[in-house]
Protein chains: 2
Amino acid sequence: MSRRQDVHTAGIPVLCMACEARHRGVCGALAPEQLVALAKTSSKHHVDSGGELVGDAETVEGYSNILSGVVKLTKSLPDGREQIVGLQFAPDFLGRPFQAESAITAQAATGVVLCSFPKRTIDRLIRESPELEHRLHAQTLRELDEARSWMLTLGRKTALEKVASYLLLIASYIDPEAGAASGATSFDLPMSRLEIADFLGLTIETVSRQLTKLKVEGVIGIAQNRHITVDSIDRLRQRSGG
Amino acid sequence: MSRRQDVHTAGIPVLCMACEARHRGVCGALAPEQLVALAKTSSKHHVDSGGELVGDAETVEGYSNILSGVVKLTKSLPDGREQIVGLQFAPDFLGRPFQAESAITAQAATGVVLCSFPKRTIDRLIRESPELEHRLHAQTLRELDEARSWMLTLGRKTALEKVASYLLLIASYIDPEAGAASGATSFDLPMSRLEIADFLGLTIETVSRQLTKLKVEGVIGIAQNRHITVDSIDRLRQRSGG
DNA sequence: CGTGTGTTTGATCGCTTTCAAGTTCAGTGG
DNA sequence: CCACTGAACTTGAAAGCGATCAAACACACG
């Protein structure tokens, strides 16, 4: 057993040993020696809920892998209206290659653990490793699909359908098997009502009312504001408009 | 003069000689011999306004470059509600690598000219040419930025702001210099009121009312339904909410 | 000169927002 | 352990914006 592990992990940096990103994330694209080089300049750190990750000023930090927690990407209008335009979960790669701007801010929605790299190092690795760019491209395509699905929700669904869709989305992230299933599940919302509203293009009050409505209809249960139980995912899906 | 052209175009297929995609599009990533091979299996054709490009059944066609015209990407709900989730212009690359599904349909919003390739050929070229994948990645990132900007519009802007934003978007595509400027410009809308409504998450009547409102306020002029004149782009921008 | 499609305009309805209290919950100090 | 505090959340009433329903208009085409 330990012999086999030795074979598979020969030369893998300690930092990366237990890291999800090495398998499902972008680091899986790297050869052991590249991983060693990258690990030398990478650092693991924690960001509290609400902490900003890509502050317009502090662009120093470059890229990161999300090891745990939820990161929200937001855009806002000059008068302060805000819209969450993306959610990222472990082991997503965070940061925008090939461009400085984008006018997006990234914030920790929950407590977040990151593994961060200098921009320069990653940019070089991308140039050296087509497989790395391929994985980043694949993630970008996934994000684009998610964004477009969400555009349909934002533009065409009612408030109730939006909230139901949101619950399904979160359920499927937290409990991937349950997401496709039709039975029961339960989970904690990683976001406040205000954040949910900013994600759905609604107000905080409307989100609250629709959650209450789902609760009264017996589709969901709510405990301590954040904990959601779903008896029948199918019934929830029916309210989501498809 | 002809001598110089000979140098630059040596070995370039006739089909590609005048093609925008060879410079700004993905074909620019290919070496002359790759271009020759690709040109052998590629075909140029026209699709009338309204024609479907990625019909779920006819997935045969694979990928295309848009040579002219506007393509709209739409998603819809089971009950028929529709949302346009992307617009593509020449010389964008059309088609979704690495995946069959996506539940998106592509339709010609105007008359469209395409240069189409077999899926197989492109998939192989992507594997052979990191530069090609890089260009596709770059386009995907651009589309993601556009999608996210539009999420802000869909989720947080009023009907008037949405319509003004739409006009600015179209103006900047049709007349790139004017898009950044503050002066006057004019253009023809490439989409019907229904399509504009499906893009903005509104109804046809609301779109019409907001256009009329902008006209009455003197911000725009409308002739023959489709032709828009803008005296001051800055004034239009003020109505767009930022 | 009709016919049909796309657009505008009008009147009304209803959902979501807004404004305004309440209520619950987590954290703190007595 | 319990009362206090502030933040997050819920609930209520009223207003407003965009949707819906309906009709008129404009233009292209036969």
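Since the structure is predicted, the reported quantities are computational estimates derived from the model, not experimental observations.
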- Query: Can you find a heavy atom in the side chain of L15(A) that is under 4.5 Å from one in the side chain of S42(A)?
  - Reply: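 Answer yes - side chains close enough.
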If I take atom [atom1] in residue [X] and atom [atom2] in nucleotide [N], what distance separates them, rounded to the nearest angstrom?
X	N	atom1	atom2	value
L160(A)	dT17(C)	CG	C1'	17 Å
K157(B)	dC17(D)	NZ	P	18 Å
L214(A)	dT10(D)	CG	C1'	15 Å
N225(A)	dA8(D)	CG	P	11 Å
I204(A)	dT23(C)	CD1	P	18 Å
L211(A)	dT10(D)	CG	P	6 Å
I222(B)	dC27(D)	CD1	P	13 Å
H227(A)	dA26(C)	NE2	C1'	18 Å

- Got a donor-acceptor pair under 3.5 Å from the side chain of Q210(A) to the base of dC15(C)?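 Counting by modelled atom types and ignoring angles, no donor-acceptor contact under 3.5 Å is found here.
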- Item | Base dG10(C) paired with R209(B) side chain (donor-acceptor, <3.5 Å) |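 Answer yes: a donor N or O sits under 3.5 Å from an acceptor.
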- Check whether any side-chain nitrogen or oxygen of T212(A) sits under 4.0 Å from OP1 or OP2 of dT10(D), and answer yes or no.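 Result: no.
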- Query: Are any of T206(B)'s side-chain N or O atoms less than 4.0 Å away from OP1 or OP2 of dA19(D)?
  - Reply: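 So the side-chain polar atoms of T206(B) do come within 4.0 Å of the phosphate oxygens OP1 or OP2 of dA19(D), strictly under.
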[Y] versus [X], side-chain donor and acceptor atoms under 3.5 Å:
X	Y	answer
T105(B)	T74(B)	yes
S116(A)	S64(A)	yes
E161(A)	Q210(A)	no

- Heavy atoms from other residues, nucleotides or ligands near CD of Q224(B) exceed 12 (cutoff 6.0 Å):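 It does not: Q224(B) CD has 12 such atoms or fewer within range.
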- Y166(B) vs F199(B) aromatic rings, parallel, tilted or perpendicular, using cut-offs 30° and 60°?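 Ring orientation of Y166(B) relative to F199(B): perpendicular.
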- Strictly under 6.0 Å, is that where the ring centroids of F89(A) and Y173(A) end up?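 So the answer is yes for these two rings.
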- Using a cut-off of strictly less than 4.0 Å between a heavy atom of the residue and any atom of DNA chain C, enumerate the qualifying residues of residues 187-200 of chain B by number.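 Contacting residues: S192(B), R193(B).
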- Query: Going by an N to O cut-off under 4.0 Å, is there a salt bridge joining R81(A) and D198(A)?
  - Reply: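 No, no charged N to carboxylate O under 4.0 Å.
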- Task: Evaluate the criterion side-chain contact (heavy atoms from CB on, under 4.5 Å) for residue pair Q107(A) and V71(A); output intermediate values, then yes/no.
- Result: CA-CA 6 Å; Q107(A) 270 189 298; V71(A) 172; over 6 Å; no
- Query: Looking at dT11(D), dA26(C), dT8(C), which one has an atom nearest to any side-chain atom of S208(A)?
  - Reply: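 Of the candidates, dT11(D) comes closest.
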- Message: At 10 degrees resolution, what angle do the end axes of the helix from dC1(C)-dG30(D) to dG30(C)-dC1(D) form when each is taken over five base pairs?
- Response: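 The two end axes of the helix from dC1(C)-dG30(D) to dG30(C)-dC1(D) meet at 30°.
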- Query: Which part of the nucleic acid, if any, lies within reach of E205(B) when heavy atoms closer than 4.0 Å are counted: base, sugar-phosphate only, or nothing?
  - Reply: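 If one applies the 4.0 Å heavy-atom cut-off, E205(B) turns out to touch a base.
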